[in-house]
Number of protein chains: 2
Amino acid sequence: MADDHLDVHEGAIDDLHVTVGRRLRVAGMRYSRSRYAVVEVIAGAGRPLTLSEILAVDAGRRLAQSSAYRNLAELVDVGVARRVDAGDDRSRFELHESLTGHHHHHLVCDSCGRVEDFHVPDEFEKQVAALVEVAADGGFRVDAHRFDMLGRCAECR
Amino acid sequence: MADDHLDVHEGAIDDLHVTVGRRLRVAGMRYSRSRYAVVEVIAGAGRPLTLSEILAVDAGRRLAQSSAYRNLAELVDVGVARRVDAGDDRSRFELHESLTGHHHHHLVCDSCGRVEDFHVPDEFEKQVAALVEVAADGGFRVDAHRFDMLGRCAECR
DNA sequence: ATTTATGCAAATCGTTTGCAAACCT
DNA sequence: AGGTTTGCAAACGATTTGCATAAAT
């Protein structure tokens, strides 16, 4: 259990931070207050958040925008966060799947831009696996995939 | 055959331009030289191109960058082009599916950023249709979907 | 002649970066 | 102390926009 990437699924939020701390330390970085706050926010969101949403939630803490950007980039680098990009100009961030234990996709509202998580059945992922093979035969090595459904969320009618 | 959106599949490039001209006219716009050139370029590419790639191909014509951006935006509006966004900062553009007659997805190289078209079997799309239903049950109206496989293209090893 | 499209340069806007001060260990 | 992180402001880079000129009908 000294290794990471797999020992988180059974744990609660505490374990999350332990794991995050470990991943940062392995990369020679500290688990600073700001980083902790950022992780706390994206972990509690349940959907990808934009930078401003993250700052808003974290309002009291008064984290500088540039620091938030930097923290997020670092967290992405060490595999704690993931950058999600919907069709608009700003990036959104979510907790990395290795920390949530759930592979998922997204529903993107073209009207308000909101992005919701969407879980798909294994059957679907099996098909994807088959397509990964096809791509490989064509010389393309697939490392990840992304499936989004775009439209109108319930709030936007 | 007076209507559009369906009368193109059997046609060649000439028909393409006829259809594009019609769609623009319906929107009260002219099929100018620049617009024609842009359509010609994205139609001949076979994969989504960035603005600079489009300008490069069209080098001789010396089309202003801002005009190209404007043309592309207009073409997207009238349903002639589609904006594709890979993970990086710049947008790519491709001919709208209603003009190619082929629904497809993309292979995105994380290394060079190149985006290739990728056709998936009907079976896959059937699964997607099922997921669209699921989303609908949840109050989300799906208008489109996007499926990308990310990794390394043949050239980048 | 009238309307629409283009080019150029300036303006936007999200995101990144340089650097000195603040923090940790 | 020695190295890392933060905040602030300036820098960036893709995309957009204002406006006077050119093109099309």
Side-chain angles (χ1 to χ4, degrees), chain A residues 17 20-42 48-56 58-78 80-93 113 115, chain B residues 17 20-42 48-56 58-78 80-93 113 115:
Chain A
H17 290 300
V20 171
R22 191 186 312 142
R23 291 194 189 172
L24 283 167
R25 225 169 298 119
V26 167
M29 317 174 92
R30 297 171 185 164
Y31 198 7
S32 68
R33 295 255 175 76
S34 326
R35 285 172 186 153
Y36 186 97
V38 170
V39 168
E40 193 79 8
V41 174
I42 63 177
L49 299 181
T50 60
L51 201 262
S52 47
E53 288 175 322
I54 293 174
L55 289 178
D58 191 52
R61 176 163 295 293
R62 193 156 290 311
L63 173 62
Q65 189 182 55
S66 63
S67 299
Y69 271 121
R70 243 182 313 227
N71 289 337
L72 259 345
E74 297 153 348
L75 293 171
V76 167
D77 284 347
V78 300
V80 166
R82 186 178 151 197
R83 186 184 295 256
V84 172
D85 94 335
D88 61 10
D89 44 358
R90 68 219 119 164
S91 293
R92 285 146 214 277
F93 299 88
V115 179
Chain B
H17 290 300
V20 171
R22 191 186 311 143
R23 291 192 190 174
L24 283 167
R25 225 169 299 119
V26 167
M29 317 174 92
R30 299 169 184 167
Y31 198 6
S32 67
R33 294 255 175 76
S34 326
R35 285 173 187 154
Y36 186 97
V38 170
V39 168
E40 193 79 7
V41 175
I42 63 176
L49 299 181
T50 59
L51 202 261
S52 47
E53 288 175 322
I54 293 173
L55 289 177
D58 191 52
R61 175 164 296 291
R62 193 155 291 308
L63 173 61
Q65 188 182 57
S66 63
S67 299
Y69 271 121
R70 241 180 316 225
N71 289 337
L72 260 344
E74 297 152 348
L75 292 172
V76 167
D77 283 347
V78 300
V80 167
R82 187 177 149 197
R83 185 184 295 257
V84 172
D85 93 336
D88 60 11
D89 45 356
R90 70 218 117 176
S91 294
R92 285 145 214 277
F93 299 88
V115 179

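Order of the sequence lines fixes the chain letters, A, B, ..., with proteins taken first and strands second; residue numbering starts at 1 for each chain. Heavy atoms only: backbone and side chains are in, while hydrogens, waters and symmetry mates are out.
- Contact annotation for B/Arg25: no contact, since no heavy-atom pair falls under 4.0 Å across all strands.
- Taking atom CZ on A/Arg62 and atom P on C/dA22, their separation rounds to 18 Å, with Å as the unit.
- Within the nucleic acid shown, A/Ser32 comes within 4.0 Å of sugar-phosphate atoms alone, with no base atom in reach, counting heavy atoms only.
- By the 30° and 60° cut-offs, the orientation of the rings of A/His17 relative to A/Tyr36 is parallel.
- In this structure, A/Leu24 atom CG and C/dT25 atom P are separated by 13 Å, rounded to whole Å.
- Distance OH (B/Tyr36) to C1' (D/dA24): 17 Å, rounded to an integer number of Å.
- Distance CG (A/Leu72) to P (C/dT15): 10 Å, rounded to an integer number of Å.
- Annotation: side chain of A/Met29 is not in contact with side chain of A/Arg23 (no heavy-atom distance under 4.5 Å).
- Between the side chain of A/Asp58 and the backbone N or O of A/Ile54, no donor-acceptor pair lies under 3.5 Å.
- A close approach under 4.0 Å does occur between a side-chain nitrogen or oxygen of B/Ser67 and OP1 or OP2 of C/dG7.
- Residue B/Ser34 places at least one side-chain N or O under 4.0 Å from the OP1 or OP2 atom of C/dT6.
- Residue-level contact check: B/Arg61 touches neither bases nor backbone, having no heavy atom under 4.0 Å from any strand.
- One atom, CG of A/Leu49, and another, P of C/dG14, lie 16 Å apart when rounded to the nearest Å.
- Distances shown here put a side-chain N or O of A/Arg35 below 4.0 Å from the OP1 or OP2 atom of D/dT5.
- Distance from the side chain of B/Ser66 is smallest to D/dT16 among D/dT16, C/dT15, C/dC24.
- With hydrogens and angles left out, the side chain of B/Arg70 and the base of D/dT17 share no donor-acceptor pair within 3.5 Å.
- In this structure, B/Tyr31 atom OH and C/dT3 atom P are separated by 25 Å, rounded to whole Å.
- Remark: side-chain polar atoms of A/Arg92 are not paired, donor with acceptor, to backbone N or O of A/Val115 under 3.5 angstrom.
- B/Phe93 is not listed as a side-chain neighbour of B/Val84, based on a closest heavy-atom distance of 4.5 Å or more.
- Set against D/dA9, D/dG2, D/dT16, the side chain of B/Arg83 has D/dT16 as its closest nucleotide.
- Going from atom CG of B/Asp85 over to atom P of C/dG14 covers 16 Å, rounded to whole Å.
- Salt bridge A/Asp85/A/Arg83: absent, no basic N to carboxylate O contact under 4.0 Å.
- In this model, the phosphate group of C/dC24 is approached by a side-chain N or O of A/Arg33 to a distance below 4.0 Å at OP1 or OP2.
- The side chain of A/Tyr69 contributes an N or O atom lying less than 4.0 Å from OP1 or OP2 of C/dT15.
- Phosphate proximity of C/dT15 to A/Ser91: present, with a side-chain N or O under 4.0 Å from OP1 or OP2.
- Checking B/Gly28 against A/Phe93, the closest nucleotide of DNA chain C that is more toward the 5' end is the one next to B/Gly28.
- For the pair A/Arg90 CZ and C/dT12 C1', the computed distance is 14 Å after rounding to whole Å.
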